[in-house]
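The structure under discussion appears below in the form of structure tokens.
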There are 2 protein chains.
Amino acid sequence: MKLSFLKTDLLNGINIVLKAVPSKTTMTILECILIDATSGEIKLMANDMELAIETKVKGEILEAGRIAIDAKIFSEIVRKLPDSEVLIEEYGNETIRISCEKANFQIVGKRGDDFAFMPQIEREDYICLSQFTLKETIRQTIFSIAANENNKLMTGELFEISGNSLRVVSMDGHRISIRHVELKDYYEEKKVVVPGKTLMEISRILTGDQDSDVYIFFGKNYILFEFDDTLVLSRLIEGKYFQVDQMISNNYETKITVNKREFLDSIERSTLLIRESDKKPIILNVKDETMELSLNSFLGSMREEISIEKGGKDLMIGFNPRFLIDALRVIDDEEIDVYMINSKAPCFIRDENQSYIYLILPVNFSTPR
Amino acid sequence: MKLSFLKTDLLNGINIVLKAVPSKTTMTILECILIDATSGEIKLMANDMELAIETKVKGEILEAGRIAIDAKIFSEIVRKLPDSEVLIEEYGNETIRISCEKANFQIVGKRGDDFAFMPQIEREDYICLSQFTLKETIRQTIFSIAANENNKLMTGELFEISGNSLRVVSMDGHRISIRHVELKDYYEEKKVVVPGKTLMEISRILTGDQDSDVYIFFGKNYILFEFDDTLVLSRLIEGKYFQVDQMISNNYETKITVNKREFLDSIERSTLLIRESDKKPIILNVKDETMELSLNSFLGSMREEISIEKGGKDLMIGFNPRFLIDALRVIDDEEIDVYMINSKAPCFIRDENQSYIYLILPVNFSTPR
């Protein structure tokens, strides 16, 4: 095998597939990136058995072949090469030479045939949306997946397609995040749970371009994302996701409209008084035209007042400030509406046409001084 | 006590004195920043008993007084406040209110009188140089102080003044860094060893301005740096520093002139093949017009050739690549001269008028394939 690349093209490809290289594994072949130049194109691949990524790289095939190279050393070497033409040659014995101007490295690779290739999936059932929309939707929901694996389904996100609507849902037992996206076409009904890790890695690879599309193909146990020159294949999480609609209600006793920036800044400041292990709630005291925010911890206390518009009853309610911050950070509206029933029932942050719904459970609090 | 500041002024002052707040200590008063507004000016102070910093902050004294506040929580709160006027008030019981626009924090402080104040030193014996020169000189030498305390003197830097010349020296047993600085005035002879930690913290505070001066005062066991509105006082390291002049020689058998950037880039690439615990040398093979650099490790091998001008004998010599990198990074010359005697004797990187001298010991190596 003998290939020639521009350093930037090669490095760009490496950075994409690196997302599927596991940091710890007992199978050393999984720590490798496969360079495959057997089909007239140059492809890089990596596969951690849950997630597999393949991307095409511009370059010249001087001699066809394929070889696997340790991802860490390969990416570090290429990153440090001069910004010029890079030559990758394989001799016998899986010895690989990487050269660029005067730089000259020799490392030992692994047989390409030992690599764990991607399973093939049928490309029949699919949807299409812009890179921008997918990247944004992931960002706006990913924070409320569950971190631990006690409930496997909660570590993923529900992708639910019905007609021209895509609904993405995540929940962790304390909160639910829902985003509705209108698609350009109409599709068959589908419901799958995509691993959160897959979505995080994809959103790092997506450029977020408005004019560039992502095709998402649905297989029996797999989902395939295709965009630019890249394929990302992931296992799905098996099982039936929670009945989200039963958890959502449009009733309320108190509705407030508040400037998002002011609300968020104030909550963020309150967290200065919280040390990691500490679980102090922020208490919202909703009155006619103002809301008082207060927090007491062993470090001190804070108290702020912000202007609101209120409909319905006065209310005092406590929240984990982190959960409010997570939701507010991903809402782009300048003014937001918060709907509440009482101090024990979940609050809903949602816009009028429900393009987003953030449900957050309140926490108990002792009445402040 | 009641004081009013602009947030940026206060934060700037806090960031300066924070450098003298110890991260771990059993004396909680040392974790505090003292706000002292008893003398018609507002001063912030911190003191870890080795290093003490005092800085003046612009602000209005509405009521004189002084109080100590936990540095961590104080700095975090001020950092998060809106960019506006900050009011700090002390009530009885060391309760402190920090308010800014609608934000309102209450925390408990400590009695200002319990604070460990700076010792006074006589301001007779001093030198003066620009902030730029001091900051640069520290950067160009600090990397070769010893990290561990086995030899206390090696954890500091020698500051040696003679006439209008300041010589700064650091060494760690494998290498020596020397910088000569010409001062604007003539001073009495002085020789002190300044702790490396002090110099690192000072260089972070110095703006590096060409037109702004630093006065350095020499006391019996202390050194005091005065610049802008800030005083930094540090203990000196006691003892007699090493006889540097005996370690330096102007003899050589081989002299090379090489482009610094090319040399540095090549050595940096070689370190890609080295994992932390590994101690592989880079081998320089000096011939008539070229120098070959090579490194072999269990990860692979690299070999590069760069153009040089050579005087004297051919030579093959091995170095810890890290030591070459550290020295080359702080030399601003485009072309550098390296002087060598044989593969067992130290090499010297120095300019013609010896404004800098970097001595590096070679390491043994097995002859490469």
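Atom CG of B:Asn93 is surrounded by 12 or fewer heavy atoms from other residues, nucleotides or ligands within 6.0 Å. In B:Glu335, the CD atom is crowded: over 12 heavy atoms of neighbouring residues, nucleotides or ligands sit closer than 6.0 Å. By the 6.0 Å contact criterion, CD on A:Glu63 is enclosed, its count of non-hydrogen atoms from other residues, nucleotides or ligands being greater than 12.
For a residue to count as touching a neighbouring chain, one of its non-hydrogen atoms must lie under 4.5 Å from one of that chain's; by this rule A:Arg275 touches chain B with the side chain only. Both the backbone and the side chain of A:Glu76 come within less than 4.5 Å of a heavy atom in chain B. In this structure, chain B has no heavy atom under 4.5 Å from any part of A:Glu101.
Looking at every heavy atom in both residues, B:Phe105 comes nearest to A:Arg269 through CZ-O, 3.4 Å. Nearest heavy atom pair, residue B:Glu304 against residue A:Lys102, reads CG-O, 3.3 Å.
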List the atom pairs, with distances to 0.1 Å, where a side-chain N or O of residues 16-28 of chain A and a protein N or O form a donor-acceptor pair under 3.5 Å, not counting sequence neighbours.
residue : atom : partner : partner atom : Å
A:Lys19 : NZ   : A:Asn15 : O            : 2.9
A:Thr25 : OG1  : A:Met27 : N            : 3.0

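Between chain A and the options B:Glu268, B:Met302, B:Arg79, heavy-atom pairs under 4.5 Å are most frequent for B:Met302. Ranking B:Leu273, B:Thr95, B:Asp265 against chain A, the residue ahead of the rest is B:Leu273, based on heavy-atom pairs under 4.5 Å. The candidate with the highest count of non-hydrogen atom pairs below 4.5 Å against chain B, out of A:Ile306, A:Asp70, A:Leu299, A:Leu295, is A:Leu299.
Expressed to the nearest 0.5 Å, how far OG of B:Ser294 lies from CG of A:Asn104 amounts to 11.0 Å. Rounding to the nearest 0.5 angstrom, the gap separating the OG atom in B:Ser266 from the NZ atom in A:Lys80 is 11.5 Å.
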